[in-house]
Amino acid sequence: MAQHLYSQLQITKDEAHTLSEKFFGITGTATPLPGEVDFNFKIKTSEGNSFILKVSRPGMDYQYFDFQLKILLHLADTAPEITVPKIILNKDGYPNSTFNDHFGEVRLVRMLSWIEGRLWSSVHPIHNKLLYDLGKSGGKITFALQSFQHPFAKRNFEWDIDQALWIENYVHLFDTDKNIIVTHFLKKFVAQKKQLDLLRKSVIHNDTNDNNILVNNSPDHPEVLSIIDFGDAIYTSTINDLAVCIAYAIMEKPDPLAAAVQVVKGYHEKFVLLDAELNMLHLLVAMRLIISVTKSARNKLAEPNNEYLLISEKPAWEVLRLWLKVDEHLAYYSFRYACGMNPHPDQEMFNLWAKDHPFGIADLFPTTGIKEASHIDMSVGSTWLGHRTDFTDNDWMAYKIREWTKKHPETMVSNGYLETRPFYSTNAYRKEGNHGPLYRTVHLGVDFWLDGHTPLHAPMDGEVFSIFDNDQDKDYGPTIILLHEYGPEKVFFTLYGHLSKSTLHTVSIGQTISKGQHIGYLGKANENGNWSPHLHFQIILDMLGNRHDFPGVAFPSEIDIWKSICPDPNLFLRQKVLHPKEGKNQTDIIQYRSKHLGKSLSLSYAEPLHIVRGDGAWLIDKTGRRYLDTVNNVAHVGHEHPRIVKAGQAQMALLNTNTRYLHESINEFAEALLATLPPELCVIHYVNSGSEANELALRMAYTYTGQKDMMAIEVGYHGNTNACIGVSSYKFDGKGGKGKPKETHLIPLPDAYRGIYRGEDCGPKYAAHAETILHQLASEGKKPAGFIHESIISCGGQIVLPKGFLQKVYHSIRTAGGLCIADEVQTGCGRVGSHWWAFEQHGVVPDIVTIGKPIGNGHPLAAVVCTRAVADSFANGMEFFNTFGGNPVSCAIGQEVLKVVREEGLMENAKIIGNNILSGLNMLQSEFSIIGDVRGSGLFLGFELTDNNLMPLEKQTSYLANRMRTLGILMSTDGPDHNVLKIKPPMVFNRENADELISRLRQVFKEDTMKVG
Ligand SMILES: Cc1ncc(COP(=O)(O)O)c(C=O)c1O
């Protein structure tokens, strides 16, 4: 047969159409599909039925087609629950048809049924469940093919991993870094080929790549429908099928091992895997990828037009680079874990041995004479650790530990095994997982807190495996690792970290050590990363290729694997207190809440958060995972701002009473607050919450005017008291609401984007509704008590009031004798960037301003500021007493908040960063039409999701908030149609935070659920 070029063999759409009609009597439009060997077309008939037409290349072996045919028949016969394409017979009742092409070459034509779905490559995002589902689908096929045989199955085939040695002839095609990868795995493959030959063999699919996996069309609940195309099936090591499946499933995943584990888990459920197979799986995955890139490299030369050959080259190299960094033993242990085995195969044997060979604290530090441990909680939520600025202050920590030791002289401060620690919730311990960032926070050793230079002794016989000064590249001083034998060819290691420099000369590598031998000293603070002196002690069953050092902390998601590699030191030490305090688990907390807390208290997110620590713009959960917070405007100057914490702590230590006594801070805070407001607003009443502030403001208005009718804005929210609910359409018009009280009168939500009037000039039109209401009241012989409003309507969906609206309404109300109340509970204290108070953006001065959330930075503090006239009329003889309002602690905190806003330039920051976010959102809006409107001011922003007809998209909004939470960013949703995402972060939100927010939003906007027609 003559050699023809790929382009000369190609079948046109017209030819496909004709072949379909001629052989199968099926008339339809033909669309080309990818295929390495065959030329494939989708044939769609006018009745909406679809088929797949496959035209062979010339000179193919008929056995090959028979092989594929028989596989499909076998699966249909033995495993009808597996969805695979059905064979469509030609007009004569046969599966195969032939014709001669323009070269006179015989070409074979087949037709299969079409399975409606989408390709794996088009699914975004790919969740763990889908990977697991893929594993199950692959495992089912492997299982069903165990009983299948065919003479063609045993053939030479370059895609067969068992036959991968052909690659040796092509290593020269790769340049340096690619060459290193290929050579690395090839060498291992050659070395382990004999083991591979001993593994189970069977016919396998051998090509579960992302263009052969069909997924259903549901964007929210994707499931694997079918694995198609048995053209690469072969008789080989059975485990290769899983290796192939993993090789493609881990592409474009930042954490390929985590993705692979899910596939293995699903696969093992349907086809039980053996330990020897799991042991080779990491290498076999690499070899499949290497086959792929080698074929691409070679075929690039031979068939430059065949794009299919190049499709998977780039991601294959990317994943190979990542896969090379995955320790093969760690992969093996992870795969064992996925199959329900102990991750480390020797775990049980070691545990038994360790229990028979106990040693005590006194064996490690005989000079101290201490035998017992006492535990200090150093977990993420530890109140003993306190503020970040406390636990990163070495002198302070050393002092606290000394004080503890004085009180517990017979014990040694010890802690840490599997403790989730806050020290590691930083970028240095962060990696990008497949579902957002992960932090390596779980401690794998125990710590013993002692004086610097305490002598350290070996607790058992061993040999010095390594001694190394980690100060050079990491900040924690010299480390000794001892090797111990515990059975024939069974060893484990003990690691001693944070030692003194002098230890480097105490022992040497290879030296035999006997139990009780002095091996070094604890480092002083300046020798061990500036920590208070302590020993980090860890047991390691497998050094995972490390020589001088070993990870001392692990990712919470991998902890079951790591605790098998680094067993519990308490197996030897038997000190119960070394274990972290067992907190309540998430389910228990939720269950208790649902039983004993009011059902109307809600929890955010489909998967609720258990936050135990705050730090600036971040919230940190129990596992040490950090979440960037765009929700909590209450933590105005940052979560647990050290100055606010100190101000509260300091005053609380002295006195906390009430406003019936004289106290400087009550006046000083008043003075500082009034300085931010227009001079007309000059009298303060302190309260404890926004609701209380608005309750009081309403009372003042009623008292001042002697009237009861109040005007408010549709979808406004002003608090949870009776009177506040009465003016909060968000509540009385919402779920469980009883409708508008007769004294409340609503102006329609002045939404310039989707409201009843739209566009820039709609302000006066909305304001005219106030006039109408006042006329109506007048016609009933009534006057208004006042008008209550926010200046950017928060619950209404961050609605920025249109130009001219407030001025006009204020004028109307005042003309009718009413008061104007500006609710600054959400928007105040510089949040809008341009002014201290949002009403100032509209050139109005209210009669009463209510201030809440931000002023206490999380402490319950609120205030009502009004004009002298209003205050005087309110002081009608009845005392206004508020037990907690204006107590010295609250005032000290409020005063410090105002100082921090000024001294850290946070209003200016809100303006700059707010504008950065706005321009980022505007850019996203030009990329994704689902973003209907972007609005807001400073760090009080919002964007709205709508379809092309401006219809609100609630489902997508909720999806976006939940996905962002998964990816490590907290967002909240609101608006009458629940389609607005609100952005109102702590005011310390910086440029890096803003960039992260925009880039994560972009990531989610690309996902399937966010696609609207
Ligand atoms: C605009 C506005 N006013 C008043 C309140 C009530 O404040 P608090 O919850 O502190 O009582 C809220 C609370 O969300 C609010 O958003």
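Just so you know, ligand 1 is whichever comes first in the structure, and atom 1 is the first atom listed for that ligand.
The shortest contact between atom 5 (C) of ligand 1 and any protein heavy atom is with Val825 CG1, 3.8 Å. Looking from atom 3 (N) of ligand 1 to the surrounding protein, the closest heavy atom is Asp823 OD2, 2.7 Å. For atom 16 (O) of ligand 1, the nearest non-hydrogen atom of the protein is Gln826 NE2, 2.8 Å. Distance from atom 13 (C) of ligand 1 to its nearest protein heavy atom, with residue and atom name: Lys853 NZ, 3.0 Å. Here the heavy atom of the protein found nearest to atom 11 (O) of ligand 1 is Ser691 OG, 2.4 Å.
The pair Arg831-Glu824 does not count as a salt bridge, with every side-chain nitrogen at least 4.0 angstrom from each carboxylate oxygen. For the pair Glu896 and Lys646, the salt-bridge criterion is not met [side-chain N within less than 4.0 Å of a carboxylate O].
Checked against a 3.5 angstrom limit, the closest N/O atoms of Gly690 and ligand 1 fall inside it. When only interatomic distances are considered, the shortest N/O to N/O separation between Glu790 and ligand 1 does not fall below 3.5 Å. Residue Glu692 places no N or O, backbone or side chain, under 3.5 Å from any N or O of ligand 1.
In the model, Asn694 has a side-chain atom that pairs as donor or acceptor with a side-chain atom of Thr850 under 3.5 Å.
With hydrogens and angles ignored, the 3.5 Å screen pairs no side-chain donor or acceptor of Ser728 with any backbone N or O of Tyr717.
Separation of the His769 and Tyr757 ring centroids falls under the 6.0 Å cut-off. For Phe874 and His685, the ring centers sit closer than 6.0 Å to each other.
Atoms of ligand 1 found under 4.0 Å from any heavy atom of Tyr717, numbered from 1 in the order shown, are 1 (C), 2 (C), 3 (N), 5 (C), 12 (C), 13 (C), 14 (O), 15 (C), 16 (O). The Ser689 neighbourhood of ligand 1 comprises atoms 10 (O), 11 (O), with distances under 4.0 Å to a heavy atom of that residue.
Heavy atoms of Asn694 found under 4.0 angstrom from ligand 1 belong exclusively to the side chain.
Ring pair Tyr686/Phe669 is parallel by interplanar angle, where below 30° counts as parallel and above 60° as perpendicular.
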For this session: Decide yes or no on ring-ring contact (aromatic ring centres under 6.0 Å, His included) for Tyr661 and His663, but give the supporting numbers first.
Result: CA-CA 6 Å; Tyr661 300 98; His663 198 281; over 10 Å; no
